[in-house]
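Both backbone and side-chain heavy atoms feed into the values below; hydrogens, waters and symmetry mates do not. Quick caveat, the model's predicted, so the values are computed rather than measured.
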Amino acid sequence: MTVYLIRHGTTLANERHLYCGSTDLPLSENGRAALMNRPRMTVGDVRFLTSPTLRCRQTLALLFGDVSYEVCPDFREIDFGGFEMHGYEQLKDDPAYQAWLHADPERTPPPGGESGEQMKRRVLAAFQPVLASNRDTVIVTHGGVIAAIMESLFPEEEKNRYQWQPKPGSGYAVTGKTYCQIP
């Protein structure tokens, strides 16, 4: 069984370095162009799953064409709460932001959002049925979601969320206890 974990293409939030998890943004013009310039991915008889966000559904269509897919709400990105759609420059003098950064964002949620650990629990609970299905599956989702899954599958690598997070439009193909990067 192979699971393909693919991060959505670039959005304006990615280009502007903004925290964007729960905001339902489309792909940016650059994000669409980058994916349209790639050959369509071909995989065998697979199940397609996606986050409910527009950027993930657009990425799926651009990479695989008109395929049937299921939406999995628990494969959505982390909710950055009050920091959503703001960047470091906008937040750096905000006492709540500084407190969150210094308190360990993995364990402490931003105001009105969720912590990294809360997101991981949600994602890994949704991922268990995928593993149990023993069926080749393509999941088009978000960088944080992919990082949570990869960190749980390959703990011996001791990588953190940011080290596992693939670039927009890329990801990993995982077969058993091995993986390769998808450019």
Novice: Is there a donor-acceptor pair under 3.5 Å between the side chain of Y172 and the backbone N or O of W164?
Specialist: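 Side chain of Y172 to backbone of W164, a donor-acceptor pair under 3.5 Å: yes, one is there.
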Novice: Of all heavy-atom pairs between P110 and E114, which one has the smallest distance, and what is that distance?
Specialist: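 P110 and E114 have their closest heavy atoms at CD-O, 3.4 Å.
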Novice: Above 12 or not: heavy atoms from other molecules or residues under 6.0 Å from CE of M36?
Specialist: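 It does not: M36 CE has 12 such atoms or fewer within range.
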Novice: What do the steps show when you test Q90 against Y19 for side chain to side chain donor-acceptor pair (under 3.5 Å), and what is the final call?
Specialist: CA-CA 11 Å; Q90 294 170 292; Y19 289 103; over 6 Å; no
Novice: Does any N or O in the side chain of E117 come within less than 3.5 Å of the main-chain N or O of R107, such that one atom is a donor and the other an acceptor?
Specialist: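 Such a contact is absent between E117 side chain and R107 backbone.
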Novice: Treating N14 as the side-chain partner and T11 as the backbone partner, does any N or O pair qualify as donor plus acceptor under 3.5 Å?
Specialist: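 It does hold such a pair.
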Novice: Would you kindly confirm whether F127 and V46 end up in one hydrophobic cluster when ILVMFWY residues are joined by side chain heavy atoms under 4.5 Å apart?
Specialist: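 No, F127 and V46 fall in different hydrophobic clusters.
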Novice: Give a yes or no on whether Q181 atom CD has more than 12 heavy-atom contacts from other residues, nucleotides or ligands under 6.0 Å away.
Specialist: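 Result for CD/Q181: open.
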Novice: Okay, side chain of W100, backbone of T108: is any donor-acceptor separation there less than 3.5 Å?
Specialist: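 Yes.
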Novice: More than 12 heavy atoms of other residues, nucleotides or ligands under 6.0 Å from CD of E156: is that the case?
Specialist: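 Yes.
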Novice: For E29, I'd like to know if atom CD has over 12 heavy atoms of other residues, nucleotides or ligands within 6.0 Å.
Specialist: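 No.
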Novice: Following the transitive rule for hydrophobic clusters with a side-chain heavy-atom cut-off under 4.5 Å over Ile, Leu, Val, Met, Phe, Trp and Tyr, establish whether V71 and L27 coincide in one cluster.
Specialist: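 Yes, it is one cluster - the side chains of V71 and L27 are joined through contacts under 4.5 Å.
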Novice: Can you tell me if S28 uses its side chain to pair, donor with acceptor, with the backbone of T10 under 3.5 Å?
Specialist: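 Yes; at least one donor-acceptor contact below 3.5 Å.
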Novice: Look at the side-chain heavy atoms of Ile, Leu, Val, Met, Phe, Trp and Tyr, link any pair under 4.5 Å apart, and say whether V174 and V138 land in one connected group.
Specialist: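 No, V174 and V138 fall in different hydrophobic clusters.
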Novice: Taking side chain as C-beta onward, heavy atoms only, is Q118 less than 4.5 Å from S115?
Specialist: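 Heavy-atom side-chain distance check passes, below 4.5 Å.
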Novice: Decide yes or no for L62 and R32: does some side-chain heavy atom of the first lie under 4.5 Å from some side-chain heavy atom of the second?
Specialist: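 The answer is yes; the side chains approach within 4.5 Å.
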Novice: Nearest heavy-atom pair of V130 and V3: which atoms, and what distance?
Specialist: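 V130 and V3 have their closest heavy atoms at CG1-CG2, 4.2 Å.
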Novice: Apply side-chain contact (heavy atoms from CB on, under 4.5 Å) to residues D136 and D45 and explain how you reach the verdict.
Specialist: CA-CA 7 Å; D136 289 351; D45 180 28; over 6 Å; no
Novice: Quick one: does R122's side chain have a donor or acceptor within less than 3.5 Å of a partner on R76's backbone?
Specialist: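 Judged by distance alone, yes, a pair lies under 3.5 Å.
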Novice: So if I apply the side chain to side chain contact (heavy atoms under 4.5 Å, CB included) rule between V123 and each of D74, I78, I149, which one comes out positive?
Specialist: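 Exactly one candidate clears the test, I149.
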Novice: Do I182 and I6 have side-chain heavy atoms sitting under 4.5 Å apart?
Specialist: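 Of all side-chain heavy-atom pairs linking I6 with I182, at least one is under 4.5 Å.
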Novice: I'd like to check R7 versus H142 (side-chain heavy atoms, cut-off strictly below 4.5 Å). Are they in contact?
Specialist: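 A side-chain contact under 4.5 Å is absent here.
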Novice: Mind checking whether M85 and C20 have side chains closer than 4.5 Å, heavy atoms only?
Specialist: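 Yes, at least one pair of side-chain atoms sits under 4.5 Å.
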Novice: Would you sort out whether H8 and T141 count as a side chain to side chain donor-acceptor pair (under 3.5 Å), showing the intermediate values?
Specialist: CA-CA 6 Å; H8 63 79; T141 187; over 6 Å; no
Novice: Is it true that, when you exclude R38 itself, more than 12 heavy atoms of the residues, nucleotides or ligands shown sit nearer than 6.0 Å to its CZ?
Specialist: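 Yes, CZ of R38 has more than 12 neighbouring heavy atoms, counting only those of other groups under 6.0 Å.
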Novice: Run the ring-centre check on F48 versus Y69 and record whether the distance is less than 6.0 Å.
Specialist: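 Not under 6.0 Å, so no.
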Novice: If you measure from the Lys or Arg side-chain nitrogens to the Asp or Glu carboxylate oxygens, is any gap between E151 and K159 under 4.0 Å?
Specialist: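 Answer for the salt bridge query: no.
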Novice: Nearest 0.5 Å please: distance from the CD atom of E106 over to the CE atom of M119.
Specialist: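 Separation between the atoms: 7.0 Å.
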Novice: Would T175 and T2 count as a side chain to side chain donor-acceptor pair (under 3.5 Å) if you check the C-alpha gap in whole Å, the side-chain angles of each, and the deciding distance to 0.1 Å?
Specialist: CA-CA 5 Å; T175 306; T2 300; 2.8 Å; yes
Novice: Check whether T137 reaches the backbone of R135 with its side chain - one donor and one acceptor, N or O, closer than 3.5 Å.
Specialist: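 Judged by distance alone, yes, a pair lies under 3.5 Å.
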Novice: Give a yes or no on whether a salt bridge exists between K92 and D94, defined as a side-chain N under 4.0 angstrom from a carboxylate O.
Specialist: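 No.
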Novice: Can you tell if the side chain of Y4 reaches within under 4.5 Å of the side chain of I139, non-hydrogen atoms only?
Specialist: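 Result no, sub-4.5 Å side-chain heavy-atom pair not found.
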Novice: Go through the steps for M150 and Y179 under the test side-chain contact (heavy atoms from CB on, under 4.5 Å), then give the verdict.
Specialist: CA-CA 9 Å; M150 293 299 288; Y179 70 90; 3.7 Å; yes
Novice: Can you name the nearest heavy-atom pair linking D79 to S22, along with the distance?
Specialist: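 Shortest heavy-atom contact: OD1-OG, 3.5 Å.
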Novice: May I ask you to test the T23-L18 pair for a side-chain heavy-atom distance under 4.5 Å?
Specialist: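 T23 does not reach L18 side chain to side chain.
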Novice: Any sub-3.5 Å donor-acceptor pair from E84's side-chain atoms to G21's backbone N or O?
Specialist: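 A pair under 3.5 Å: yes.
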Novice: Starting at CD of E89, measure out to CG of L91 and round the result to the nearest 0.5 Å.
Specialist: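 Interatomic distance, E89 CD to L91 CG, rounded to 0.5 Å: 10.0 Å.
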Novice: Quick one: pull up CG in L153 and CG in L5 and give me the separation to the nearest 0.5 Å.
Specialist: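 CG of L5 is found 7.5 Å from CG of L153.
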Novice: Quick one: closest heavy-atom pair of D24 and R57, and the distance?
Specialist: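 That closest heavy-atom pairing would be OD2-NH2, 4.4 Å.
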Novice: Are any side-chain N or O atoms of S170 and backbone N or O atoms of P166, one a donor and one an acceptor, separated by less than 3.5 Å?
Specialist: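 Absent.
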Novice: Can you find a pair of side-chain heavy atoms, one from L25 and one from L54, that are under 4.5 Å apart?
Specialist: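 Heavy-atom side-chain distance check fails, nothing below 4.5 Å.
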Novice: Check whether T50 reaches the backbone of V140 with its side chain - one donor and one acceptor, N or O, closer than 3.5 Å.
Specialist: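 The answer is yes, because a donor-acceptor pair under 3.5 Å joins these two groups.
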